Amino acid sequence: MVASLEKQVALVTGAAKRIGRSIALRLAGAGARVVVNYRHSAAEAEATVREIEAAGGQALSMQADVTKAEQVRAMFAEIEKRCGRLDILVNNAGTFSPAPFGEMSEAQWDEMLDTNLKSQVLCAQAAAVLMKRQGRGRIINLSSIGGLLPWPKYAHYCVSKAGVIMLTRCLARSLAPEITVNSVAPGTIQFPGELPDEDYIRRTPLKKTGTGNDIAEAVLFLAQSDFITGQVLVVDGGRTLA
Ligand SMILES: NC(=O)c1ccc[n+]([C@@H]2O[C@H](COP(=O)([O-])OP(=O)(O)OC[C@H]3O[C@@H](n4cnc5c(N)ncnc54)[C@H](OP(=O)(O)O)[C@@H]3O)[C@@H](O)[C@H]2O)c1
């Protein structure tokens, strides 16, 4: 493929492992210099950077807890210093765990909303300053089919991801015309070593779960588009149709 993201800088939050890693590799493969953000997974983030470099790409790792405004500010200052610009922000960092509604603690609610939603607000605010100055930018927020379907044991997760979808639509208007803002809503994505999610496979028209690369391809498509904003691209094998 033609390296269409050449000379562009992309930040992928939570990119040491799993979906974030797949996105980082794909954007780097398309020519972007990729900032691999992580919170705890330093060794895995370094491994992602090395994998990108071994394939001829450019990357650097950067530690920050994206739920903390001060750490987000410091990370963006470091990006500006080391890279000079930011063209693509992929808000990928997230968390997922059940909490039956009657037993859900305040701490569980706050952690879910901070990690999945507040982090995207903080990073988008900081990214928008750089992107507006450049006159162009792309923000892609990872939501989930959990933001479209109400899952009884995951009210805090579903609300956080529904919030990501509305945040995407609001920011698409707030940050236009320079910046496009879109969301990718994955269905169940599985990684090597995980037991197959038979229930998901049975209920899904395409009879399979997704891969990290399925999500990375959708992110790359939105990063390259010039005329799509405020949209949610559902990548779920048709699960939300059934
Ligand atoms: N996997 C799925 O089936 C699926 C389905 C629907 C939607 N999604 C969404 O897709 C995205 C990626 O999914 P995933 O399964 O790959 O996620 P994950 O493995 O649960 O988490 C990805 C990374 O997020 C980082 N992270 C968490 N809190 C952070 C914080 N405060 N600051 C910085 N980084 C933080 C972690 O980094 P460290 O390890 O460095 O701490 C972690 O490696 C998430 O937004 C998720 O909600 C996933």
Side-chain angles (χ1 to χ4, degrees), residues 11-26 35-49 61-76 89-98 107-108 110-124 126 139-149 151 154 156-165 167-168 183-197 199-201 204 208-219 222 232-237 239-240:
L11 165 63
V12 184
T13 66
K17 300 188 280 196
R18 293 168 55 86
I19 292 176
R21 172 180 166 276
S22 300
I23 294 169
L25 292 171
R26 192 70 195 86
V35 179
V36 174
N37 160 257
Y38 67 97
R39 181 182 48 172
H40 298 313
S41 301
E44 291 91 340
E46 273 315 308
T48 303
V49 168
S61 63
M62 230 173 256
Q63 200 275 338
D65 179 339
V66 290
T67 67
K68 303 279 190 287
E70 196 44 57
Q71 295 192 32
V72 169
R73 264 194 293 277
M75 176 169 68
F76 278 82
L89 164 65
V90 184
N91 275 319
N92 168 79
T95 188
F96 179 72
S97 58
Q108 283 176 308
D110 286 347
E111 199 211 338
M112 189 64 76
L113 272 288
D114 284 0
T115 306
N116 288 355
L117 184 55
K118 181 182 161 191
S119 67
Q120 298 200 1
V121 173
L122 295 175
C123 289
I139 297 177
I140 297 145
N141 298 325
L142 271 285
S143 56
S144 165
I145 60 168
L148 301 168
L149 302 172
W151 295 335
Y154 294 85
H156 56 343
Y157 177 80
C158 292
V159 169
S160 73
K161 292 300 191 177
V164 168
I165 289 169
L167 177 70
T168 300
S183 178
V184 173
T188 295
I189 304 303
Q190 293 206 280
F191 290 88
E194 292 178 355
L195 286 175
D197 185 340
D199 182 56
Y200 189 92
I201 293 165
T204 297
K208 58 182 177 180
T209 50
T211 65
N213 203 46
D214 291 326
I215 304 306
E217 289 293 342
V219 169
L222 292 170
V232 181
L233 181 48
V234 180
V235 183
D236 70 346
R239 171 68 185 81
T240 44

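It should be emphasised that the depicted structure is a prediction, and the values quoted were computed from it without experimental measurement. Start at 1 and go down the list; that is how both ligands and their atoms are numbered. Note that the numbering runs from 1 along the sequence shown for the chain.
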Student: Check whether any heavy atom of Gln190 sits under 4.0 Å from an atom of ligand 1.
Tutor: no
Student: Give the atoms of ligand 1, by number and element, whose distance to some non-hydrogen atom of Tyr38 is under 4.0 Å.
Tutor: 40 (O)
Student: Any idea how Phe96 and Tyr154 line up, ring-wise: parallel (<30°), tilted (30 to 60°), or perpendicular (>60°)?
Tutor: parallel
Student: Mind checking whether Pro186 contacts ligand 1 via backbone (N, CA, C, O), side chain (CB onward), both or neither, at a 4.0 Å heavy-atom cut-off?
Tutor: both
Student: Report the part of Val66 in contact with ligand 1, treating N, CA, C, O as backbone and CB onward as side chain, heavy atoms under 4.0 Å; options are side chain, backbone, both, neither.
Tutor: both
Student: Polar contacts were defined as any N/O atom of the residue lying under 3.5 Å from an N/O atom of the ligand; does this apply to Ile145 and ligand 1?
Tutor: no
Student: Has Thr13 got any heavy atom lying under 4.0 angstrom from an atom of ligand 1?
Tutor: no
Student: Using heavy atoms and a threshold below 4.0 Å, how should the contact between Ala64 and ligand 1 be classified: side chain, backbone, both, or neither?
Tutor: backbone
Student: Distance under 4.0 Å to a non-hydrogen atom of His40: what atoms of ligand 1 satisfy this?
Tutor: 38 (P), 40 (O), 41 (O)
Student: For atom 29 (C) of ligand 1, is some protein heavy-atom partner under 4.0 Å away?
Tutor: yes
Student: What residue and heavy atom of the protein are closest to atom 46 (C) of ligand 1, and at what distance?
Tutor: Lys161 NZ, 3.8 Å
Student: Return yes when Gly187 approaches ligand 1 closer than 4.0 angstrom through a heavy atom, no otherwise.
Tutor: yes
Student: Quick one: look up the protein heavy atom nearest atom 35 (C) of ligand 1 and list residue, atom name and how far away it is.
Tutor: Ala93 CB, 3.6 Å
Student: I'd like to check which ligand 1 atoms, numbered from 1 as shown, lie under 4.0 Å from a non-hydrogen atom of Asp65.
Tutor: 30 (C), 31 (N), 32 (N)
Student: Can you see whether Asp197 engages Thr209 through a side-chain donor-acceptor pair at a distance of less than 3.5 angstrom?
Tutor: no
Student: In this structure, does ligand 1 have an atom that sits under 4.0 Å from one of the heavy atoms of Ser143?
Tutor: yes
Student: Of all the non-hydrogen atoms in the protein, which one sits nearest to atom 23 (C) of ligand 1, and at what distance?
Tutor: Gly14 O, 3.7 Å
Student: Strictly under 4.0 Å, does any heavy atom of Tyr157 approach an atom of ligand 1?
Tutor: yes
Student: In this structure, does ligand 1 have an atom that sits under 4.0 Å from one of the heavy atoms of Asn37?
Tutor: yes
Student: Going by the order shown, which atoms of ligand 1 are within less than 4.0 Å of some heavy atom of Thr188?
Tutor: 3 (O)
Student: Is there a nitrogen or oxygen of Asn116 sitting under 3.5 Å from a nitrogen or oxygen of ligand 1?
Tutor: no
Student: Looking at ligand 1, does any of its N/O atoms fall within less than 3.5 Å of an N/O of Thr115?
Tutor: no
Student: Looking only at heavy atoms of Thr95, does any of them come nearer than 4.0 Å to an atom of ligand 1?
Tutor: no
